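No experiment lies behind these values; they were computed from the predicted model shown.
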Amino acid sequence: MGWLCCFLGFLVLAARLPLDAARRFHDVLGYERPPAYMREHHQLHGWSSDENDWNEKLYPVWKRGDERWKNSWKGGRVQAVLTSDSPALVGSNITFVVNLVFPRCQKEDASGNIVYEKNCRNETGLSAEPYVYNWTAWSEDDDWENDSHQSHHHVFPDGRPFPHHHGWRKWNFVYVFHTLGQYFQKLGRCSVRVSMNTANVTVGPQVMEVAVYRRHGRAYVPIAQVKDVYVVTDQIPVFVTMTQKNDRNSSDETFLKGLPIMFDVLIHDPSHFLNESTINYKWSFGDNTGLFVSSNHTQNHTYVLNGTFSLNLTVQATVPGPCPPPSPRPPRPTPSIGPAGDSLLELSEIPGEDCQIYRYGYFRATITIVEGILEVNIIQKTDVLMPMPQPDSSLIDFVVTCQGTIPTEVCTVISDPTCQVAQDPVCDPVDMDETCLLTVRRAFSGSGTYCVNLTLSDDASLALTSTLISVPGRDPGSALRIAKGALISIGCLALFVTVIALLVYKKHKEYKPIKNSAGNVVKRQGLNIFLDRAKAVFLLPENQEKDPLLKNPPGVL
């Protein structure tokens with residue numbers, strides 16, 4: 001009896017050997033097997049069940065930590081980056097993108113080959129080889145160029161042949177996407193994009209896994225594995241941006257009393273699933289102003305009281321779709337004249353007509369309303385007279401007034417007339433009483449037109465005003481003209497003195513001294529006499545004797 005049990009066990013083991021020898025997609029890609037209830041769903045359009053066989057001879061399978069991963073790519077490891085436009089509204093399309101990141105100094109060229117970047121230095125220095133993988137040369141050596149021959153190695157892991165579309169020979173990577181017990185195969189280059197409809201996807205977070213293989217002669221080598229979480233939801237993904245004039249920081253959800261807040265609704269719908277829908281926005285601002293319903297995605301609202309308020313938004317989308325088949329009804333006798341209403345009702349239940357599906361999205365926020373600077377104005381501009389004028393600078397006083405709370409800081413930015421090329425801001429603390437009136441003095445270097453931005457701020461608000469000013473030019477020749485005028489005046493005075501001196505000299509030159517005076521003495525003293533007389537004219541008091549006879553030198557009679 002024991003030998004019979006052993007024989008039966010051998011038969012069972014032999015029967016299982018073919019099953020164990022065949023590796024399936026879920027054995028290769030099912031790193032995290034989903035629960036059974038998640039695998040029981042409708043078929044994804046264009047995807048296949050992961051119960052299919054995997055061609056391990058053509059596409060080898062390596063476990064995590066296998067030493068062969070270190071040599072799967074020349075020059076290092078390739079990283080695969082998986083992203084998606086999740087979350088996706090159920091019924092819409094979700095798109096996944098895989099980008100390959102090669103080791104440093106490597107890139108994909110226009111022919112699909114992997115080449116070394118020129119003048120790029122990696123860990124081993126500059127490479128003398130132009131190619132990392134020259135797949136174009138490989139294809140010339142095998143039957144890739146022969147369209148009439150279908151090669152057995154131009155197939156996906158499940159045996160399906162590659163699509164022969166334009167440029168397919170330049171695509172040397174095989175991507176296998178796997179989610180919810182199904183897989184999708186794609187031939188591509190260093191970046192691929194795959195879209196999937198979510199009509200039959202279970203609502204909630206799901207996992208997408210991707211395995212990447214590179215072509216290696218007549219086989220394929222695994223180079224990267226990656227996975228990411230995506231979300232399918234039955235609620236419209238909604239986000240609201242809130243902006244307000246003079247609000248210093250819109251991200252803190254603190255705004256100012258008395259100024260309108262703009263609310264802008266952003267719906268995350270990258271596949272444009274809701275393009276044909278009618279969308280309504282229902283607002284409740286939490287300040288007892290009632291319910292506002294609008295078809296516009298923007299809304300303005302002004303809070304007139306300080307405090308904390310609860311903002312609630314409901315977005316309703318009416319999505320057109322096919323009507324479900326009508327439920328069977330028992331036959332009824334046909335009267336000679338039936339009511340028109342029954343005929344119309346029966347027509348509306350004919351399959352194929354458009355029905356309406358409602359989808360909703362919700363947004364909630366807590367808003368704090370405080371006092372702030374509401375407005376700022378420049379009411380006067382005055383040139384400042386400097387005791388020592390500088391030819392290359394000017395001072396201007398700006399008289400500024402504001403409404404609302406008292407600011408704590410004033411900043412000035414001076415820029416070109418277009419208000420684009422700005423200098424560094426100059427900020428000063430503000431110390432004022434309950435009246436918001438202050439004078440700001442700023443220096444301007446050189447003449448021209450300037451754009452002046454003045455901002456007054458406190459902890460919650462920041463108010464801005466701008467003005468254009470024209471600084472008159474100082475004539476660079478004015479100082480020279482002043483100097484010339486001074487020199488001319490001095491010259492005129494010198495000429496006047498010279499003329500007077502000549503007249504005096506001429507007058508006294510005609511005087512002849514007494515004959516018995518020694519001629520040589522008179523000649524020797526003549527110049528001294530002239531100078532003495534000139535000094536007497538300009539320097540001696542008016543009542544002093546001016547008779548030239550009294551001024552003869554001693555010894556002269």
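With sequence neighbours excluded, the residues that form a side chain to side chain contact (heavy atoms under 4.5 Å, CB included) with Q356 are T318, Y358. Residues passing the salt bridge (Lys or Arg N to Asp or Glu O under 4.0 Å) test with R193: none are found, sequence neighbours excluded. Partners of D85 according to the salt bridge (Lys or Arg N to Asp or Glu O under 4.0 Å) rule, which considers only residues two or more places apart in sequence or in another chain, do not exist here. Legend: residues meeting ring-ring contact (aromatic ring centres under 6.0 Å, His included) with F177, ordered by chain and number and at least two apart, are absent. With sequence neighbours excluded, the residues satisfying side chain to side chain contact (heavy atoms under 4.5 Å, CB included) with P417 are T449. Under the rule for a side chain to side chain contact (heavy atoms under 4.5 Å, CB included), the partners of D458 that lie at least two apart in sequence or sit in another chain are I373, T405, T408, A460, S461. Judged as a side chain to side chain contact (heavy atoms under 4.5 Å, CB included), and not counting sequence neighbours, the contacts of N197 are N93, A199. Considering only residues two or more places apart in sequence or on other chains, C190 meets the disulfide bond (SG atoms under 2.5 Å apart) condition with none of them. Listed by chain and residue number, W135 satisfy the ring-ring contact (aromatic ring centres under 6.0 Å, His included) test with F173 (two or more places apart in sequence, or in another chain). Listed by chain and residue number, nothing satisfies the salt bridge (Lys or Arg N to Asp or Glu O under 4.0 Å) test with D234 (two or more places apart in sequence, or in another chain). For D428, the salt bridge (Lys or Arg N to Asp or Glu O under 4.0 Å) test picks out R442, with sequence neighbours left out.
Listed for the E253 side chain is no donor-acceptor partner under 3.5 Å among the backbone atoms of A365. Checked by atom type and distance alone, the side chain of N71 never pairs as donor or acceptor with a backbone atom of R68 at under 3.5 Å.
No side-chain donor from either of R359 and S277 sits under 3.5 Å from a side-chain acceptor of the other. In the model, D158 has a side-chain atom that pairs as donor or acceptor with a side-chain atom of Y183 under 3.5 Å. Between S111 and D109, the side chains place no donor N or O within less than 3.5 Å of an acceptor N or O (distance only, hydrogens not considered). Residues N99 and S191 have side chains that bring a donor and an acceptor to within less than 3.5 angstrom of each other.
I367 places a side-chain heavy atom less than 4.5 Å from the side chain of M242. Using a 4.5 Å cut-off on side-chain heavy atoms (C-beta onward), P130 and V115 make no contact. Counting heavy atoms from C-beta on, the side chains of F255 and Y303 never come closer than 4.5 Å. Counting heavy atoms from C-beta on, the side chains of Y59 and R23 never come closer than 4.5 Å.
Using cut-offs of 30° and 60° for the angle between ring planes, the W54 and Y213 rings count as tilted. F363 and F239 have perpendicular rings, their planes meeting at more than 60° on a 0 to 90° scale where under 30° would count as parallel. Taking the six-membered ring where tryptophan is involved, the planes of F162 and Y220 are perpendicular, since the angle between them exceeds 60° and thus also 30°. A tilted orientation is assigned to the rings of F184 and W47, their planes being inclined by 30° to 60°.
Each salt bridge (charged side-chain N to carboxylate O under 4.0 Å, His left out) pair with one or both residues in residues 240-249, not counting sequence neighbours, would appear here, but there are none.
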